[in-house]
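Below: the structure, in structure tokens.
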Amino acid sequence: MKKVPFLRLRGGVWLRAAGLALWLGALAACAQAPPPDGGTAPPETGLHTFTLEHDGQERRYALYLPAQAGDAVLPLVFSLHGGGVTLEDQTGQSGFKSPFKLWMDLAEREGFYVVYPEGLPGSYGKPTWNDCRADSTVSSSADDVGFLLAVLERVAADHPVDRGRVYASGMSNGGFMALRLAVEAPDAFAAVAAIGAAMPAASACPPARRPVPVLFMNGTADPNLPYDGGVIGNPPDPTHGTALSTPDSAAFWSQLAGAEAAETHAFPDLDPDDGSTVRYLSYRREGALWVRLYTVEGGGHAAPSLRERYSALYERYFGRQNHDVEAVEEVWRFFREAAPAQGPAGR
């Protein structure tokens, strides 16, 4: 007889617990449902992939939300892939080595958002960016400046973005695209970084309206992008267009800013077996950093990385990868120094 009240009590508690669980589940479902205005902000931190219609085409981008995401106003970094690279390749989801997936680790440590947008297929059927190369026919003809600005507006509508600290970094075709953003959207991007890329020798873009802090990081033995300028491609292919030399590209932006060569720095040769070393030259105006040129002596068409090391097969075609510095760390250091909260307009 004494067991009956216990069973009833236990049943009542179970029912109340089940009701509470259902109520909490409903709350969670409501929290995860898209807001009524069509926003896309998920409550979870981590990497999320979205679509956005632009110019009648459905485009993809991924957004990384760090643990600090919430009410705090945070910077935003765009990571632009190279030609033929998918969103999944760039973020490391496909299993390929990617120094650019390390943006997410850095975002967790420093507190900023990361956007990984994807270009549209070019002549070879894989994602590309429509950069400023007038003599290139391999990329799509999409309005990529408009697309990237639309992504920025979407993210800023859903999250508290520091609009004075929005940056773009890209590799190869993505580096050319980052430079196009500096030329055509200097009000939206506080600084840009181009790795394995340079200014086009023949530009389809209008002249740059004003200076933007720019970083270049190129290898002297890059078989795809000649450090001294010329036809791009391995072997050189006129359909890929032509580029200025890396020093001339840095000079373009330093002269626009009225900046002059300042300090140099040589990094320790941590991996003598990689066949390369790294040094940089900074250009400043009245102490302010405007341009930083990283020269990877002996380096190929690869972002330097200590943690994400490319295979021997990759290096056979694209050249040696340096293992003395972490590219994304250097780019972020430049962004923080060259374009802090007030942005370049506040200089």
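Looking only at side-chain heavy atoms (C-beta outward), L80 and M171 stay at 4.5 Å or farther from each other. Looking at heavy atoms from C-beta onward, R165 lies in side-chain contact with Y167 at the 4.5 angstrom threshold. Side-chain contact between Y317 and N224: present, with at least one pair of heavy atoms (C-beta onward) separated by less than 4.5 Å. Considering only heavy atoms from C-beta on, V296 stays 4.5 Å or farther from F267 through its side chain. You'll find the side chain of L74 stays beyond 4.5 Å of the side chain of V161, heavy atoms only. Within the 4.5 Å cutoff, the side chain of W253 has no heavy atoms near those of the Y283 side chain. Inter-residue side-chain proximity for E330 and M217 is flagged as met; some heavy-atom pair is nearer than 4.5 Å. Side-chain atoms of Y116 and M104, non-hydrogen and from C-beta on, do get closer than 4.5 Å to each other.
A salt bridge between R109 and E329 is present, with a side-chain N of the basic residue lying under 4.0 Å from a carboxylate O of the acidic one. Between R279 and E297, at least one side-chain nitrogen of the basic residue sits less than 4.0 Å from a carboxylate oxygen of the acidic one, meeting the salt-bridge criterion. Between R209 and D187 there is a salt bridge, since at least one side-chain N of the basic residue sits less than 4.0 Å from a carboxylate O of the acidic one. Taking 4.0 Å as the cut-off between side-chain N and carboxylate O, D274 and R309 do not count as a salt-bridged pair. At a threshold of 4.0 Å, the pair K126-D89 does not count as salt-bridged, since none of the basic side-chain nitrogens sits closer than that to a carboxylate oxygen.
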Could you please spell out the steps behind the side chain to side chain contact (heavy atoms under 4.5 Å, CB included) verdict for V114 and L63?
CA-CA 6 Å; V114 185; L63 171 65; over 6 Å; no
For K97 and S311, run side chain to side chain contact (heavy atoms under 4.5 Å, CB included): C-alpha distance rounded to whole Å, both residues' side-chain angles, the deciding distance at 0.1 Å, then the answer.
CA-CA 8 Å; K97 293 289 184 180; S311 66; over 6 Å; no
Passes side-chain hydrogen bond (donor to acceptor under 3.5 Å, both in side chains), S98 versus Q90? Steps please.
CA-CA 6 Å; S98 174; Q90 187 80 345; 4.8 Å; no
Taking it one step at a time, do F100 and E308 satisfy side chain to side chain contact (heavy atoms under 4.5 Å, CB included)?
CA-CA 9 Å; F100 311 106; E308 289 291 299; over 6 Å; no
Candidate pair R292 and R284, rule side chain to side chain contact (heavy atoms under 4.5 Å, CB included), full reasoning
CA-CA 9 Å; R292 181 163 284 164; R284 297 181 182 272; 3.7 Å; yes
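Here the shortest heavy-atom pairing between P238 and P236 reads CD-O, 4.1 Å. Closest approach of P160 to A72, counting heavy atoms only: CG-O, 3.1 Å. Summarising the geometry of S172 relative to A197, their closest heavy-atom pair is O-CB, 3.4 Å, with the distance given to 0.1 Å. Pairing each heavy atom of A168 with each of L181, the nearest pair is CB-CD1, 3.8 Å. Contact record, L120 with A142: CD1-CB, 3.7 Å, taken as the closest heavy-atom pair.
Looking at residues two or more places apart in sequence or on another chain, you find a side chain to side chain contact (heavy atoms under 4.5 Å, CB included) between Q255 and A251. Listed by chain and number, the residues in a side chain to side chain contact (heavy atoms under 4.5 Å, CB included) with S136 are R133, V138 (sequence neighbours excluded). Partners of H81 according to the ring pair (Phe, Tyr, Trp, His ring centres under 6.0 Å) rule, which considers only residues two or more places apart in sequence or in another chain, are W129. Evaluation of the ring pair (Phe, Tyr, Trp, His ring centres under 6.0 Å) rule for Y113 yields H159 as partners, not counting sequence neighbours. Every residue two or more places apart in sequence or in another chain that forms a ring pair (Phe, Tyr, Trp, His ring centres under 6.0 Å) with Y294 is listed here: Y280.
For E326 (side chain) and R307 (main-chain N/O), a donor-acceptor pair under 3.5 Å exists by modelled atom type. At distances below 3.5 Å, not a single donor-acceptor pair connects side-chain atoms of E58 with backbone N or O atoms of E53. Not a single donor-acceptor pair under 3.5 Å links the side chain of T242 to the backbone N or O of G230. Judged by distance alone, with hydrogens and angles left aside, the side-chain atoms of D324 form a donor-acceptor pair with the main-chain N or O of D271 at under 3.5 Å. Side-chain atoms of R210 come within 3.5 Å of backbone N or O of P186 as a donor-acceptor pair.
Within 6.0 Å of CZ on F96 lie no more than 12 heavy atoms contributed by other residues, nucleotides or ligands.
The same ILVMFWY cluster, assembled from side-chain heavy atoms under 4.5 Å apart, contains both L52 and V115.
Between F189 and F78, a ring centre-to-centre spacing shorter than 6.0 Å is recorded. For F112 and W332, the ring centers are positioned less than 6.0 Å apart.
Side chain to side chain, Q321 and S305 fail the donor-acceptor criterion of an N or O pair below 3.5 Å. For the residue pair T277 / D269, no side-chain donor-acceptor distance below 3.5 Å is found, with atom types taken as modelled. Between the side chains of T295 and Y227, at least one donor-acceptor pair of N or O atoms lies under 3.5 Å. Side-chain polar atoms of E263 and S282 form a donor-acceptor pair below 3.5 angstrom. No donor-acceptor contact under 3.5 angstrom links the side chains of R60 and T51, judged on distance only.
The NE2 atom of H301 lies 10.5 Å from the CD1 atom of I195; values are rounded to the nearest 0.5 Å. Note: T45 OG1 to E108 CD = 6.5 Å, rounded to the nearest 0.5 Å.
Residue L225 belongs to a hydrophobic cluster whose other members are F176, I232, with links defined by side-chain heavy atoms closer than 4.5 Å.
Considering T128, N130, D131 in turn, D131 is the only one that fulfils the side-chain hydrogen bond (donor to acceptor under 3.5 Å, both in side chains) rule with N173.
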